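These numbers were taken from a predicted model, which means no experiment stands behind them.
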Amino acid sequence: MTPQRLTPEQAIARLPSVAGYALTHNHFAVILADANNGRSNRIAVVEWAKDGQGRPMPDRDYAASLTLTLAKSGLATNSDVQAILVGYGPRGKNRVDELTEMLHQGGFTWEYIGAHVDDNEVRFKFEKEGLWNEPTPLPDVSAELVYEGKQLPAQTRNEYKARFAPEASPLFHQVSDLEAARFNKQSPKAQVEESLFHLSALSEGTGDRSEHMAKLAHGILHSDVVRDCVYIEAAKSDRATDSLIHTYQASPSNLRGELAPVAATCAYLNYKPLPVVEAITAHTTPEGRNARLGQLVLGVAKTGTHPGTVRQTLHAVAFAELDKAQKAFERSQRLSTAFPQQQSPGLKASKGEATRSRSSINQSRSTERDGRLF
């Protein structure tokens, strides 16, 4: 996603669209922008933590906790960072002041702008001035969001999560035995390229949508190499990410539990908020081959780890594994040529292999996982 240059008012007005739902008096947001050009680079929206009795934690205690989390950004001593600290509701102003003080004590060298949002109005406290100004109405950015092809925020967190539930009826089914056999015989590189072709077609809205979904799903579930390369490439584009998520939503029930963790990982790497990851991973098959992937991405998302850092690591690992798998395939092809089998497998054998492939699609063979993060 390309960071946009926005005024503080515009950036704050867009926060509900970043979170996915309307923000209430118990929310807090941190926007980290480049102080030189005003472009926002990182945005975090959280609910003020609660204590063991379900009451909001004391402002100072949770501000200290947030300071520790922000210290993990690796940007604490970057003087080019402009931080907009946004508190919502009656306690919002005090929470901004507490966090600002904690960040100063923690050695952060950022330029600070405090913002307090209440009743759809915002007031600011600029660090150099040290005083809160008079509140002004937040701008209406709904038309801009619609023009950009983005959904308007839901009213509640649960309503937002419901947008990522599976379709009532599947929009596609598993590929045929013949198609599965054709795909499975290809080299790993060819499998990845074909799967990305179907993802691209879905993103661009070309061809038979159900066919593209079915073939994309088969590729993802055929091997970990294809799976990892697809969700990493998809995460680079909002439209591709949405297409992969919709493929999970539209899938038949016997595939959904294995596609869900893949879609959730892609959503996280594409900077989708935590409720999206939670909503999708909830449909993971508990003992499935992708269950660990779902558990890990949910855990990473909950810690607030920046997706960009994780994506760089995963990209390097995934495409190294693709290269390894491709070389292994080429070696096996050379051996097959040097030592051909005496008996041709024939049509019946091919059909048997295809049947085995289809019946085990949810537990299909996978390449080595050594060195993988997930």
Side-chain angles (χ1 to χ4, degrees), residues 172-204 206-237 239-241 243-244 247-248 251 255 258-259 262-263 265-266 289-290 293 314-341 344-347 349-372 374:
F172 68 91
H173 300 283
Q174 289 180 219
V175 298
S176 67
D177 293 347
L178 187 62
E179 171 58 26
R182 180 200 65 78
F183 179 91
N184 298 351
K185 288 178 182 178
Q186 296 184 106
S187 71
K189 184 177 180 181
Q191 291 174 354
V192 169
E193 289 175 347
E194 181 174 327
S195 298
L196 291 177
F197 164 78
H198 294 301
L199 178 66
S200 177
L202 288 169
S203 302
E204 296 169 4
T206 59
D208 185 326
R209 191 166 183 80
S210 296
E211 180 181 353
H212 287 309
M213 284 183 172
K215 291 182 177 180
L216 174 61
H218 178 78
I220 290 171
L221 299 182
H222 173 65
S223 79
D224 290 352
V225 168
V226 177
R227 178 198 72 183
D228 294 349
C229 290
V230 166
Y231 72 64
I232 289 169
E233 288 299 304
K236 297 177 182 179
S237 159
R239 291 174 67 179
T241 297
S243 295
L244 185 53
T247 299
Y248 130 75
S251 63
L255 304 184
E258 296 297 340
L259 289 173
V262 182
T265 304
C266 182
R289 59 183 281 260
N290 287 331
L293 175 65
L314 286 176
H315 187 279
V317 172
F319 283 88
E321 290 294 318
L322 173 59
D323 184 60
K324 186 192 300 184
Q326 181 68 20
K327 289 177 179 177
F329 176 84
E330 291 170 357
R331 282 196 301 271
S332 69
Q333 291 295 101
R334 288 194 295 271
L335 286 173
S336 297
T337 302
F339 304 100
Q341 294 183 356
S344 174
L347 180 62
S350 296
K351 184 176 180 181
E353 174 63 27
T355 302
R356 286 193 297 275
S357 173
R358 185 182 181 195
S359 65
S360 63
I361 192 166
N362 289 326
Q363 298 176 348
S364 62
R365 58 186 181 277
S366 62
T367 57
E368 280 188 42
R369 291 193 175 191
D370 294 343
R372 290 181 178 276
F374 292 154

- Task: For the residue pair R227 and D224, establish whether any side-chain heavy-atom pair is separated by less than 4.5 Å.
- Result: yes
- Angle class for the H212/H198 ring planes (parallel below 30°, perpendicular above 60°, tilted otherwise)? tilted
- Contacts of E330 meeting salt bridge (Lys or Arg N to Asp or Glu O under 4.0 Å) (sequence neighbours excluded), chain-then-number -> none
- Task: Check the side chains of S200 and E204 for a donor-acceptor pair under 3.5 angstrom, ignoring hydrogens and angles.
- Result: yes
- Query: Short question: side chain of T241, backbone of A234 - any donor-acceptor pair under 3.5 Å?
  - Reply: yes
- Query: Are K236 and H315 close enough, and set up right, to give a side chain to side chain contact (heavy atoms under 4.5 Å, CB included), and what steps lead you there?
  - Reply: CA-CA 11 Å; K236 297 177 182 179; H315 187 279; 3.7 Å; yes
- Note on the structure: Separation between NZ (K215) and CG (L202), nearest 0.5 Å, reads 11.5 Å
- Query: Is there a side-chain contact between V225 and F319, using heavy atoms and a 4.5 Å cut-off?
  - Reply: no
- Message: In the structure I gave you, are the side-chain heavy atoms of L221 and L255 within less than 4.5 Å of one another anywhere?
- Response: yes
- Going by heavy atoms in the side chains, are T247 and F172 under 4.5 Å from each other? yes
- Is there a side-chain contact between L244 and Y231, using heavy atoms and a 4.5 Å cut-off? yes
- Looking at D323 and K189, does any basic side-chain N land under 4.0 Å from a carboxylate oxygen? no
- Note on the structure: d(S176 OG, Q174 CD) to nearest 0.5 Å is 10.5 Å
- Message: With rounding to the nearest 0.5 angstrom, report the NZ to OG distance, K327 to S332.
- Response: 14.5 Å
- Item | Atom of S195, atom of V230 and distance for their closest heavy-atom approach | CB-CG2, 3.8 Å
- Any idea which heavy atoms bring N184 and H218 closest together, and the distance? OD1-NE2, 2.9 Å
- Item | Donor-acceptor pair, side chain of Q191 and main chain of F183, under 3.5 angstrom | yes
- Check C229 against A318 and note the closest heavy-atom contact, atom names and distance. SG-O, 4.1 Å
- Message: Contact between D228 and L314 at the side-chain level, heavy atoms closer than 4.5 Å - yes or no?
- Response: no
- Residue pair S243 / L199, side-chain heavy-atom distance below 4.5 Å: yes
- Message: Between E179 and E211, is there a side-chain heavy-atom distance shorter than 4.5 Å?
- Response: no
- Report the distance from atom OG of S251 to atom CG of L259, rounding to the nearest 0.5 Å. 5.0 Å
- Item | More than 12 heavy atoms from other groups under 6.0 Å of CZ on F329 | yes
- Query: Do NZ/NE/NH1/NH2 and the carboxylate oxygens of R182 and E194 come within less than 4.0 Å?
  - Reply: yes
- Query: Nearest heavy-atom pair of S223 and R289: which atoms, and what distance?
  - Reply: C-NH2, 3.9 Å
